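Worksheet: one structure, shown below.
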Number of protein chains: 2
Amino acid sequence: MTVRRRQIEDAASALFGARGFAGTSVRDIARLVDLQGGSLYAHVTSKEDVLWSIVDGAARRFRAAAEPVARGPGSAAERLAAMVATHVDVVTRSRDRASVFLFQWRFLGPERLAAVAAARDAYEGLFREVIAAGAAAGEFDVDDPAVATAFVLSALNGLAHWYRPDGRLGTAEIAERFSALVLHGLGAARPAPARPGTDHRARSSR
Amino acid sequence: MTVRRRQIEDAASALFGARGFAGTSVRDIARLVDLQGGSLYAHVTSKEDVLWSIVDGAARRFRAAAEPVARGPGSAAERLAAMVATHVDVVTRSRDRASVFLFQWRFLGPERLAAVAAARDAYEGLFREVIAAGAAAGEFDVDDPAVATAFVLSALNGLAHWYRPDGRLGTAEIAERFSALVLHGLGAARPAPARPGTDHRARSSR
DNA sequence: CCTACCGATCGGTAGG
DNA sequence: CCTACCGATCGGTAGG
């Protein structure tokens with residue numbers, strides 16, 4: 001990936017995130033990186049190709065951050081708190097790309113759309129499994145893990161809409177508050193105490 | 001408002017909700033109501049005018065449903081649970097229009113955009129006030145009402161993305177589960193008991 | 001990476 | 001409400 005290509009994707013992420021994929025022209029993107037409209041095609045093969053690159057990259061980041069935590073050691077509450085923290089981390093560190101992944105993926109063509117849908121399902125599955133495990137273990141008080149998962153992920157994803165890099169709260173503060181809201185929401189009696197050497201919570205791990 | 005006009009707005013809501021405002025052409029809308037592209041303009045003055053009508057109507061519905069509850073009697077927990085229920089009710093009863101209001105309003109022109117932004121702020125304010133009141137009264141355990149409000153509203157709005165009219169859950173079931181997740185999330189000790197004659201909870205009021 | 005261009009489609013209008 | 005059209009813009013390409 002060349003520097004130019006990264007510039008183009010950054011510009012496209014900002015525009016797709018703000019105006020949507022369909023509301024952004026290739027000339028809008030070109031203008032942001034000081035190119036003529038047609039010159040963009042020296043670096044990309046199509047507008048959808050740029051969308052795919054952004055979406056796929058962000059999907060990998062979310063997954064790579066959450067998977068080891070979800071399948072790692074610790075109680076369900078510990079793991080879920082860490083997953084909330086990693087999700088918040090990915091969103092705040094790359095808001096535009098995360099926003100495109102979360103809200104513009106539907107503009108992909110059929111085959112890529114199916115791939116992203118599967119990836120999204122798998123990611124949601126990580127959360128649902130941890131929530132269901134916590135419920136089964138009596139750690140959470142949740143009667144409908146599927147709805148609880150959808151509720152929680154929607155709340156987390158909304159961050160991409162309202163997060164401002166220059167805002168009042170940083171990644172750590174948001175992760176803290178979100179974790180509390182999630183764990184309380186699921187009826188966790190209290191944050192599970194970390195056992196020495198197995199602390200995967202946000203503050204110590206990132 | 002004529003029957004035709006309503007048909008047009010319904011078609012536009014479905015398309016704007018699924019493909020976005022910029023991803024929908026006036027001819028797409030016309031096709032859904034069996035009109036030629038240009039004939040649409042016998043009923044509407046512009047594409048943006050259709051968007052505005054949908055957005056403004058939905059905004060009024062959300063507000064009209066939530067305002068009396070927010071400012072009505074009852075504990076903060078009671079009022080908030082009822083607000084969650086009314087929000088879920090508006091979303092499930094008119095998912096497409098709600099979806100357009102929630103996610104396509106940014107495509108409005110400058111002056112209408114400002115009006116909607118203000119309306120959205122006011123609506124969010126209703127939730128924030130109730131949450132802050134509950135926190136001040138010691139009814140909720142919330143240290144940051146602004147973040148808690150953003151978290152909750154994002155979770156509620158996400159319903160417009162995943163709700164399916166033919167799905168497993170109806171309005172009442174979703175409202176029940178959402179209310180529990182919200183109240184627990186805010187650290188409400190337990191659902192406040194309803195006093196006779198002041199019961200504004202979802203199941204009895206709708 | 002630019003200039004110049006392609007056909008297609010866009011939102012919207014005229015005239016009936 | 002249709003036919004026929006308007007200028008503008010769209011994503012993308014040819015040739016250098």
Side-chain angles (χ1 to χ4, degrees), chain A residues 1-56 96 100 103-113 116, chain B residues 1-56 96 100 103-113 116:
Chain A
M1 163 114 56
T2 63
V3 172
R4 213 35 165 165
R5 170 77 192 212
R6 173 169 294 275
Q7 288 176 346
I8 290 169
E9 285 188 19
D10 284 342
S13 297
L15 290 169
F16 291 168
R19 312 180 193 170
F21 177 76
T24 302
S25 74
V26 295
R27 285 163 180 78
D28 291 333
I29 301 169
R31 197 175 304 116
L32 269 195
V33 293
D34 289 311
L35 284 181
Q36 295 301 316
S39 305
L40 211 70
Y41 289 87
H43 303 95
V44 310
T45 59
S46 74
K47 187 188 173 190
E48 196 217 314
D49 188 62
V50 176
L51 176 62
W52 167 249
S53 188
I54 296 166
V55 167
D56 185 53
D96 290 338
V100 172
F103 306 117
Q104 302 299 318
W105 63 282
R106 287 167 206 273
F107 290 98
L108 287 166
E111 66 299 332
R112 286 166 161 179
L113 188 115
V116 176
Chain B
M1 162 116 54
T2 65
V3 172
R4 212 42 166 158
R5 170 75 192 212
R6 174 170 294 276
Q7 289 177 345
I8 290 169
E9 285 189 18
D10 284 342
S13 297
L15 290 168
F16 291 168
R19 314 179 191 171
F21 177 76
T24 301
S25 75
V26 294
R27 285 161 180 82
D28 292 333
I29 301 169
R31 197 175 304 118
L32 269 195
V33 292
D34 288 311
L35 284 181
Q36 295 301 314
S39 305
L40 210 71
Y41 289 86
H43 303 95
V44 309
T45 59
S46 72
K47 186 187 173 191
E48 196 217 315
D49 188 62
V50 178
L51 175 62
W52 168 248
S53 189
I54 296 166
V55 166
D56 185 52
D96 291 340
V100 173
F103 306 118
Q104 302 300 318
W105 64 281
R106 288 168 204 273
F107 290 98
L108 288 166
E111 66 300 332
R112 287 166 159 178
L113 189 114
V116 176

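Letters A, B, ... mirror the listed sequences (proteins, then strands); counts begin at 1. This structure is a prediction, so every number in the text was calculated from the model and none was measured.
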Using atom [atom1] of [X] as one end and atom [atom2] of [N] as the other, report the distance to the nearest whole Å.
| X | N | atom1 | atom2 | answer |
| --- | --- | --- | --- | --- |
| Asp34(A) | dC2(C) | CG | C1' | 14 Å |
| Arg31(A) | dC1(C) | CZ | P | 17 Å |
| Leu40(B) | dT9(C) | CG | C1' | 16 Å |
| Gln36(A) | dG12(D) | CD | P | 17 Å |
| Leu15(B) | dC10(C) | CG | P | 12 Å |
| His43(B) | dT13(C) | NE2 | C1' | 16 Å |

Sequence-distant partners of Ala22(B), side-chain contact (heavy atoms from CB on, under 4.5 Å), two or more places apart: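 Ala22(B): side-chain contact (heavy atoms from CB on, under 4.5 Å) contacts with Ala22(A), Phe107(B).
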Would you please name every residue forming a side-chain contact (heavy atoms from CB on, under 4.5 Å) with Thr45(B), sequence neighbours left out?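 Partners of Thr45(B) under the side-chain contact (heavy atoms from CB on, under 4.5 Å) test: Asp49(B).
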Listed by chain and number, what are the salt bridge (Lys or Arg N to Asp or Glu O under 4.0 Å) partners of Asp10(A), not counting sequence neighbours?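 Checked Asp10(A) against salt bridge (Lys or Arg N to Asp or Glu O under 4.0 Å); matches are Arg97(A).
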Which residues satisfy the salt bridge (Lys or Arg N to Asp or Glu O under 4.0 Å) test with Asp96(A), sequence neighbours excluded? none
[X] versus [Y]: any side-chain heavy-atom pair under 4.5 Å?
| X | Y | value |
| --- | --- | --- |
| Val55(A) | Gln104(A) | no |
| Phe16(B) | Glu9(B) | no |
| Lys47(B) | Phe21(B) | yes |

Near DNA chain C, which residues from residues 44-55 of chain B have a heavy atom under 4.0 Å away? Ser46(B), Lys47(B)
Heavy-atom pair of closest approach, residues Arg106(A) and Ala18(B):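 Nearest pair, atom of Arg106(A) first, then Ala18(B): CD-O, 4.4 Å.
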All heavy atoms of Leu113(A) vs all of Trp105(A), minimum pair found to be CD1-O, 3.7 Å
Donor-acceptor pairs are to be reported for all side-chain atoms of residues 28-38 of chain A against protein atoms at under 3.5 Å, with residues two or more places apart or in another chain.
{"residue": "Asp28(A)", "atom": "OD1", "partner": "Ser25(A)", "partner atom": "OG", "Å": "3.4"}
{"residue": "Asp28(A)", "atom": "OD1", "partner": "Arg31(A)", "partner atom": "NH1", "Å": "3.3"}
{"residue": "Asp28(A)", "atom": "OD2", "partner": "Arg19(A)", "partner atom": "NH1", "Å": "3.4"}
{"residue": "Asp28(A)", "atom": "OD2", "partner": "Ser25(A)", "partner atom": "N", "Å": "2.9"}
{"residue": "Asp28(A)", "atom": "OD2", "partner": "Ser25(A)", "partner atom": "OG", "Å": "3.2"}

Qualifying ring pair (Phe, Tyr, Trp, His ring centres under 6.0 Å) pairs with a residue from residues 28-49 of chain B, counting only residues at least two apart or across chains: none
Residue-level proximity of residues 20-30 of chain A to DNA chain D when a heavy atom falls under 4.0 Å: Thr24(A), Ser25(A), Val26(A), Arg27(A)
Got a sec, which residues hit side chain to side chain donor-acceptor pair (under 3.5 Å) with Arg4(A), two or more places apart in sequence or on another chain? Gln7(A)
Just the dot-bracket of DNA chain D, please: which string comes out with Watson-Crick or G-U pairs under 3.5 Å, [ ] for crossing, | for another strand? ||||||||||||||||
Distance from Ser13(B) atom OG to Ile8(B) atom CD1, nearest 0.5 Å? 11.5 Å
Close N or O pairs between protein and nucleotides 14-16 of chain C (under 3.5 Å):
none

Base, sugar-phosphate, or nothing: which does Leu35(B) touch, judged by heavy atoms less than 4.0 Å apart?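 The residue Leu35(B) makes sugar-phosphate contact but no base contact.
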Quick one: is dG12(C) close enough that its OP1 or OP2 comes under 4.0 Å of any side-chain N or O from Tyr41(B)? yes
